[in-house]
Amino acid sequence: MTRHYNFCAGPAALPTLVLERARDELLDYQGRGLSVMEMSHRSEAFVAIAERAEADLRELLAIPDHYRVLFTQGGASLQFAAVPYNLLGAGGTPNFLHTGIWGKKAISEARHLFGAVHLAASSEENGHSAVPRQEDIVLSEDAAYLHYTANETIGGLEFDYIPEARRPDGTPVPLVCDMSSSLLSGPLDVSRFGVIYAGAQKNIGPAGLVVVIVRDDLLDQARGDMPSLFGYKTLSEAGSMVNTPATYSWYLAGRVFDWLQRDIGGLAAMDAINTRKAARLYAAIDGSGLYANPITLRNRSRMNVPFVLADPGLDRPFLEEAEAAGLLNLKGHRSVGGMRASLYNAVPEAAVEALIDFMADFEKRHG
């Protein structure tokens with residue numbers, strides 16, 4: 001069997017070591033005679049898997065004790081509804097930073113459900129090529145929270161700072177962040193946030209799981225008309241097992257946390273690897289006459305690197321030849337076109353070097 005280099009934006013590459021370990025346990029988990037997929041989520045064996053996964057995630061991110069960690073379902077998109085339901089119980093208006101497609105979807109969902117939203121800042125005027133500066137962010141006087149997307153997976157736009165979330169009178173409000181494509185790519189000060197959520201299918205594990213990290217004091221801020229399965233407090237009190245969770249995705253996420261901690265050496269080591277990968281690819285793009293990236297230097301995503309070819313007529317040959325060379329899923333999102341190389345944690349440095357070599361050879365032949 002040959003494994004190719006997978007640059008998919010999601011569901012994304014998983015670490016080979018994790019897949020090998022899961023393969024070895026697939027039919028018989030630790031001598032129990034059944035697969036994790038066949039276990040009761042209430043069983044002692046699965047509860048141990050779940051508790052280990054949470055403990056490893058807490059250690060990786062140094063999550064303070066006054067935060068709950070939830071393993072839930074519905075994709076990060078469900079959180080576009082769950083966040084306002086959980087945080088608008090005391091009234092106020094949800095505030096947003098708009099830096100791309102996923103931020104726009106979060107805004108649209110909140111507006112659809114509750115009407116009034118406030119746009120605290122936007123990058124639309126610059127074509128989403130640079131995130132708003134802190135001084136450009138103006139919250140409403142009744143802001144309930146400030147939501148932003150740390151890394152826009154489609155546009156390749158990443159915040160280079162953590163925004164301050166304060167009303168005009170200086171009153172702090174919770175900072176909420178969609179970190180679906182950046183969580184676990186490096187160290188993070190969780191204490192700066194009220195809520196962090198992330199779909200699993202980038203750096204955490206397979207699709208079907210969402211990680212939510214929520215500060216304790218926000219567990220009692222929910223609206224009374226919230227669907228019960230959306231409730232952070234309900235999920236927390238039930239150990240994320242109000243209903244049957246995505247057990248195998250949870251198990252694999254735990255395996256990824258273990259890999260990050262014990263094989264990679266933690267998030268500082270992962271951060272260094274990700275920095276090298278992105279720097280090498282951006283240097284190749286900037287040094288070429290065929291490829292270009294439109295994002296302002298300070299906001300270039302380390303996880304998702306979009307690029308275009310000077311001649312769009314070369315897009316199809318590029319993708320066909322790349323796939324033949326074992327470089328998979330480089331086609332850009334249908335809404336923006338071009339190419340996109342996603343460099344998540346499980347994409348090895350060798351994959352980036354192979355892509356750079358291919359791009360240089362393609363330019364020699366077609367540029």
Side-chain angles (χ1 to χ4, degrees), residues 9-10 76-77 80 93-111 116-140 143 145-168 173 175-183 185-186 192-193 202 274-275 278-279 281-312 315 330-343:
S77 295
F80 298 162
T93 300
N95 280 227
F96 292 88
L97 303 181
H98 174 24
T99 54
I101 290 174
W102 292 111
K104 184 177 182 179
K105 286 179 179 289
I107 294 167
S108 296
E109 185 71 359
R111 182 180 286 121
V117 301
H118 175 75
L119 192 61
S122 173
S123 60
E124 278 190 297
E125 289 186 0
N126 62 47
H128 298 308
S129 62
V131 305
R133 297 282 193 177
Q134 179 65 56
E135 56 266 27
D136 298 324
I137 299 173
V138 181
L139 274 65
S140 65
Y145 61 86
L146 176 64
H147 177 285
Y148 79 109
T149 307
N151 180 76
E152 282 285 353
T153 313
I154 293 172
L157 186 69
E158 185 172 11
F159 272 79
D160 57 328
Y161 69 98
I162 297 174
E164 290 288 336
R166 294 182 181 274
R167 296 173 182 163
V173 298
L175 182 62
V176 178
C177 190
D178 177 355
M179 291 192 183
S180 292
S181 53
S182 58
L183 191 66
S185 63
R192 299 281 299 276
F193 300 87
K202 318 289 189 181
N274 285 330
T275 297
L281 183 52
Y282 281 118
I285 293 169
D286 293 342
S288 80
L290 181 62
Y291 312 106
N293 172 276
I295 305 300
T296 299
L297 289 177
R298 66 182 174 87
N299 295 135
R300 284 179 163 181
S301 170
R302 295 191 311 164
M303 295 290 98
N304 310 102
V305 182
F307 58 95
V308 296
L309 278 65
D311 177 3
D315 285 3
L330 287 166
K331 186 176 182 179
H333 191 270
R334 61 186 180 277
S335 63
V336 295
M339 308 299 157
R340 175 178 51 174
S342 292
L343 310 182

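Nothing here was measured: the structure is a model prediction, and the numbers come from that model. What you see below is based on every heavy atom in this structure, not just the backbone, and it leaves out hydrogens, waters and symmetry mates.
- The main-chain N or O of Met339 is never found under 3.5 Å from a side-chain atom of Lys331 such that the two would form a donor-acceptor pair.
- The minimum heavy-atom distance between His147 and Ala106, with the atom names listed, is CE1-CB, 3.6 Å.
- Panel note: side chain Asn299, backbone Glu158; a donor-acceptor pair is recorded below 3.5 Å.
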For residues 132-139, dump all side-chain donor-acceptor pairs below 3.5 Å to protein atoms at least two apart in sequence or in another chain.
from	atom 1	to	atom 2	distance (Å)
Gln134	OE1	Glu164	N	2.7
Gln134	NE2	Glu164	O	3.4
Asp136	OD2	Arg133	N	3.3

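- Separation of atoms OG (Ser181) and CE (Met303) is listed at 8.5 Å; rounding is to 0.5 Å.
- A ring-centre distance under 6.0 Å is found for Phe159 and Tyr148.
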| Going through the distances and angles, do Ser129 and Leu157 end up as a side-chain contact (heavy atoms from CB on, under 4.5 Å)? | CA-CA 7 Å; Ser129 62; Leu157 186 69; 5.7 Å; no
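- Across Met179 and Ala150, no two heavy atoms sit closer than the pair CG-CB, 4.1 Å.
- Using a 4.5 Å heavy-atom threshold, the side chains of Arg166 and Val173 count as separate.
- When each of Asp160, Thr296, Leu97 is tested with Val131 by the rule side chain to side chain contact (heavy atoms under 4.5 Å, CB included), just one qualifies, namely Asp160.
- Remark: Phe80 pairs with no residue by the ring-ring contact (aromatic ring centres under 6.0 Å, His included) rule, at least two apart or across chains.
- Checking side-chain atoms of Thr93 against main-chain N and O of Val117 turns up no donor-acceptor pair under 3.5 Å.
- Residues Leu343 and Leu281 meet the side-chain proximity criterion, which asks for heavy atoms closer than 4.5 Å.
- Here the SG-CZ distance, from Cys177 to Arg192, works out to 11.5 Å after rounding to the nearest 0.5 Å.
- Here side chain to side chain donor-acceptor pair (under 3.5 Å) pairs that include residues 94-104, with residues two or more places apart or in two chains, are Asn95-Ser140.
- Applying the salt bridge (Lys or Arg N to Asp or Glu O under 4.0 Å) test to Arg340 and every residue at least two apart in sequence or in another chain returns nothing.
- Here the side chain of Ser122 pairs a donor or acceptor atom with the backbone of Glu124 at under 3.5 angstrom.
- Looking at every heavy atom in both residues, Ser123 comes nearest to His128 through OG-ND1, 2.5 Å.
- For the pair Val308 and Gly338, the tightest heavy-atom approach, listed with the atom from each and the gap, is CG1-CA, 4.3 Å.
- Judged by distance alone, with hydrogens and angles left aside, the side-chain atoms of Asn304 form no donor-acceptor pair with the main-chain N or O of Ser342 at under 3.5 Å.
- Although no hydrogens or angles enter the test, the distance criterion places a donor-acceptor pair under 3.5 Å between the side chain of Ser185 and the main chain of Ser182.
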Show the atom names and distances, to 0.1 Å, of all donor-acceptor pairs under 3.5 Å that link a side chain in residues 287-295 to residues at least two apart or in another chain.
from	atom 1	to	atom 2	distance (Å)
Ser288	OG	Ile285	O	3.0
Ser288	OG	Leu290	N	3.4
Ser288	OG	Tyr291	N	2.9
Ser288	OG	Tyr291	O	3.3
Tyr291	OH	Met359	O	2.7
Asn293	OD1	Ile295	N	3.0
Asn293	OD1	Arg300	NE	3.1
Asn293	ND2	Pro306	O	2.7

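- Within the 4.5 Å cutoff, side-chain heavy atoms of Phe96 are placed close to those of Tyr145.
- One finds the OG atom of Ser301 at 10.0 Å from the CD atom of Glu152 (value rounded to the nearest 0.5 Å).
- Looking at residues two or more places apart in sequence or on another chain, you find a side-chain contact (heavy atoms from CB on, under 4.5 Å) between Val336 and Ile154, His333.
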